[in-house]
Amino acid sequence: MSFERRITPANGRVAASFLKGQVEAPRYVDGDMMQCVAAAADILDAPGGATTSQLLYGATFLGLETLEGYVFGQCIRDGYCGYVRADLVAPAEEVTHWVAAPQTHIYPGPDMKLNAKGALYFGSEVAITGEEGDWSRLASGDYVPTGHVLPMSQRLADPVDVADLFLGTPYLWGGGTRYGVDCSGLVQAAWHGCGLDCPRDSDMQEAEIGRTLSESDAPERGDLVFWKGHVGIVTGPNRLLHANAHHMSVVYEPLDDAITRIAGAGGGPVTRTARP
């Protein structure tokens, strides 16, 4: 039986127990619920292989097998599967808040003049144990600005506004943070920031998101425009926001110009315009 490897927690040696009877495997395991403990951890297609996606700090990951210093498993938020460095995940713990700023810094105390210890990216999930003035204390004892986090139950309202937070971010294949993001990673971050489910890759997004517009329908703010292997977000009349390898960053571009440029570069025509 064939299956979509990107979202099926099975690798030919092991499979998640809930796939028994659906996917053939030598061994089925329940797995261990883990959590990303790095600002971002690459999800690879094989141990030491190519990056296909990323886990953000606090993201839960069902670990099924450890091999060559990597854990094979599945990201719970979007179902994406692959290998993550074993030292970048740990047993899962409860989270209370998420980072709603493009990026925030971690401080050893509630003082912006202290040397920052690291950073967290938009969408990261954290456990807040208390507040001191304008600062929130993490379970680790470190601090982040309270204005940069929101309770897990609270989400933003407009995916376009969220995507705009990434303007100027360098293009990075498989990336999903302010450090670097690709086209579908930008869409996913925007949707997740508003509490909306969104698959990881552009072909999955094209297949699952919204209703297809006819050629007579003018694209509106929030619509998605798809090409083979690419996606962008309409932000207004003839205006597209997208992470792309031509500019190597997240940019605004006239939609007509993008259509002409992509076709001229061999990327083909628009394959679908969708209204979420």
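What you see below is based on every heavy atom in this structure, not just the backbone, and it leaves out hydrogens, waters and symmetry mates. It should be emphasised that the depicted structure is a prediction, and the values quoted were computed from it without experimental measurement.
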(request) Determine the minimum heavy-atom distance between Asp158 and Val160, stating which atoms define it. (result) OD1-N, 3.0 Å
(message) Can you give me the closest heavy-atom contact between Ala100 and Leu150, atom names plus distance?
(response) CB-CD1, 3.7 Å
(request) Identify which one of Val95, Leu138, Thr104, Thr96 satisfies the side-chain contact (heavy atoms from CB on, under 4.5 Å) criterion when paired with Val126. (result) Leu138
(message) Once rounded to the nearest 0.5 Å, what's the spacing between atom OH of Tyr143 and atom CD1 of Ile106?
(response) 13.5 Å
(message) Test your reading of the model: is there a side-chain donor-acceptor pair from Asn238 to the backbone of Asp256, 3.5 Å cut-off?
(response) yes
(message) Quick check: is Trp98 connected to Leu196 through a chain of hydrophobic side chains (ILVMFWY, heavy atoms under 4.5 Å apart)?
(response) no
(message) For Pro26 versus Gly12, what's the shortest heavy-atom pair and its separation?
(response) CD-O, 3.2 Å
(message) What verdict does the side-chain contact (heavy atoms from CB on, under 4.5 Å) test give for Asp78 and Met204, after you've listed the backbone C-alpha separation in whole Å, the side-chain angles of each residue and the deciding distance to 0.1 Å?
(response) CA-CA 11 Å; Asp78 62 9; Met204 298 174 176; over 6 Å; no
(message) If hydrophobic clusters are built from ILVMFWY residues whose side chains come within less than 4.5 Å, do Val250 and Leu156 share one?
(response) yes
(message) For a 4.5 angstrom cut-off between non-hydrogen side-chain atoms, does Leu241 reach Leu167?
(response) yes
(message) Less than 4.5 Å apart, side chain to side chain, heavy atoms only: is that true for Tyr171 and Asp182?
(response) yes
(message) Evaluate Arg261 against Asn244 for side-chain contact (heavy atoms from CB on, under 4.5 Å), listing each step before the verdict.
(response) CA-CA 12 Å; Arg261 176 180 59 75; Asn244 67 91; 3.9 Å; yes
(message) More than 12 heavy atoms of other residues, nucleotides or ligands under 6.0 Å from CD of Glu93: yes or no?
(response) no
(message) Quick check against the 3.5 Å criterion: does Gln74 have a side-chain atom that pairs as donor or acceptor with the backbone of Thr8?
(response) no
(message) Using modelled atom types and a 3.5 Å cut-off, is there a donor and acceptor pairing between side-chain atoms of Gln35 and backbone atoms of Ala90?
(response) no
(request) Tell me whether Leu240 is reachable from Val187 by hopping between hydrophobic residues (I, L, V, M, F, W, Y) whose side-chain heavy atoms are closer than 4.5 Å. (result) no
(message) Please determine whether a side-chain nitrogen of the Lys or Arg among Asp142 and Arg137 lies less than 4.0 Å from a carboxylate oxygen of the Asp or Glu.
(response) no
(message) Does atom CG (Asp217) have a neighbourhood of more than 12 heavy atoms from anything else shown, all under 6.0 Å?
(response) yes
(request) Provide the closest heavy-atom pair for Gly82 versus Ile43 in the form atom of the first, atom of the second, distance. (result) CA-CG2, 3.6 Å
(message) Has Arg272 got a side-chain atom pairing as donor or acceptor with Glu206's backbone, closer than 3.5 angstrom?
(response) yes
(request) Answer yes or no: is there a donor N or O on one side and an acceptor on the other, between the side chain of Ser184 and the main chain of Arg200, under 3.5 Å? (result) yes
(request) Output the distance between atom CG (Asp197) and atom CD (Gln188), rounded to the nearest 0.5 Å. (result) 10.0 Å
(message) Please find the pair of heavy atoms, one from Ala15 and one from Ala25, that lie closest to each other, and give the distance.
(response) CB-CB, 3.6 Å
(request) Please say whether more than 12 non-hydrogen atoms of neighbouring residues, nucleotides or ligands are located less than 6.0 Å from CE in Met112. (result) no
(request) Find the distance between CD (Gln54) and SG (Cys75) and round it off to the nearest 0.5 Å. (result) 11.0 Å
(request) For Ser124 and Tyr121, indicate whether the former's side chain and the latter's backbone hold a donor-acceptor pair under 3.5 Å. (result) yes
(request) Quick one: do Leu62 and Phe18 satisfy side-chain contact (heavy atoms from CB on, under 4.5 Å)? Show the steps, please. (result) CA-CA 12 Å; Leu62 178 62; Phe18 60 80; 4.3 Å; yes
(request) Determine whether Leu255 and Ile233 fall in the same hydrophobic cluster, where Ile, Leu, Val, Met, Phe, Trp and Tyr are linked whenever their side-chain heavy atoms lie under 4.5 Å apart. (result) no
(message) Just by distance, no angles: are the side chains of Asp164 and Tyr252 close enough, under 3.5 Å, to form a donor-acceptor pair?
(response) yes
(message) I'd like to know if the side chain of Asp42 and the backbone of Leu44 have a donor-acceptor N/O pair within less than 3.5 Å.
(response) no
(message) Between Ile76 and Leu19, is there shared hydrophobic-cluster membership here, with clusters defined by ILVMFWY side-chain heavy atoms closer than 4.5 Å?
(response) yes
(request) Only counting residues at least two apart or in another chain, list the ones meeting salt bridge (Lys or Arg N to Asp or Glu O under 4.0 Å) with Asp203. (result) Arg6
(request) In plain terms, say whether Arg5 and Asp45 are close enough for a salt bridge, that is, a side-chain N and a carboxylate O under 4.0 Å apart. (result) no
(request) Mind listing the closest non-hydrogen atom pair of Leu56 and Gly123 along with its distance? (result) CD1-C, 3.9 Å
(message) So, taking the atom named SG in Cys194 and the one named CZ in Arg155, what distance separates them when rounded to the nearest 0.5 Å?
(response) 9.0 Å
(request) Please work out whether the ring planes of Phe72 and Tyr83 are parallel, tilted or perpendicular, with thresholds of 30° and 60°. (result) tilted
(message) Return the CD to OG1 distance between Glu131 and Thr146, rounded to the nearest 0.5 Å.
(response) 4.5 Å
(request) To the nearest 0.5 Å, tell me how far Ser249 OG sits from Phe166 CZ. (result) 13.5 Å
(request) Would you check if the side chain of Thr66 reaches a backbone N or O of Val71 as a donor-acceptor pair within less than 3.5 Å? (result) no
(message) Going by ring-ring contact (aromatic ring centres under 6.0 Å, His included), name the pairs with one or both residues in residues 184-240, residues two or more places apart or in two chains.
(response) Trp227-His230, His230-His242
(message) What verdict does the side-chain contact (heavy atoms from CB on, under 4.5 Å) test give for His148 and Leu120, after you've listed the backbone C-alpha separation in whole Å, the side-chain angles of each residue and the deciding distance to 0.1 Å?
(response) CA-CA 10 Å; His148 288 181; Leu120 296 174; over 6 Å; no
(message) Under 4.0 Å between a side-chain nitrogen and a carboxylate oxygen: does that hold for Asp87 and Arg85?
(response) yes
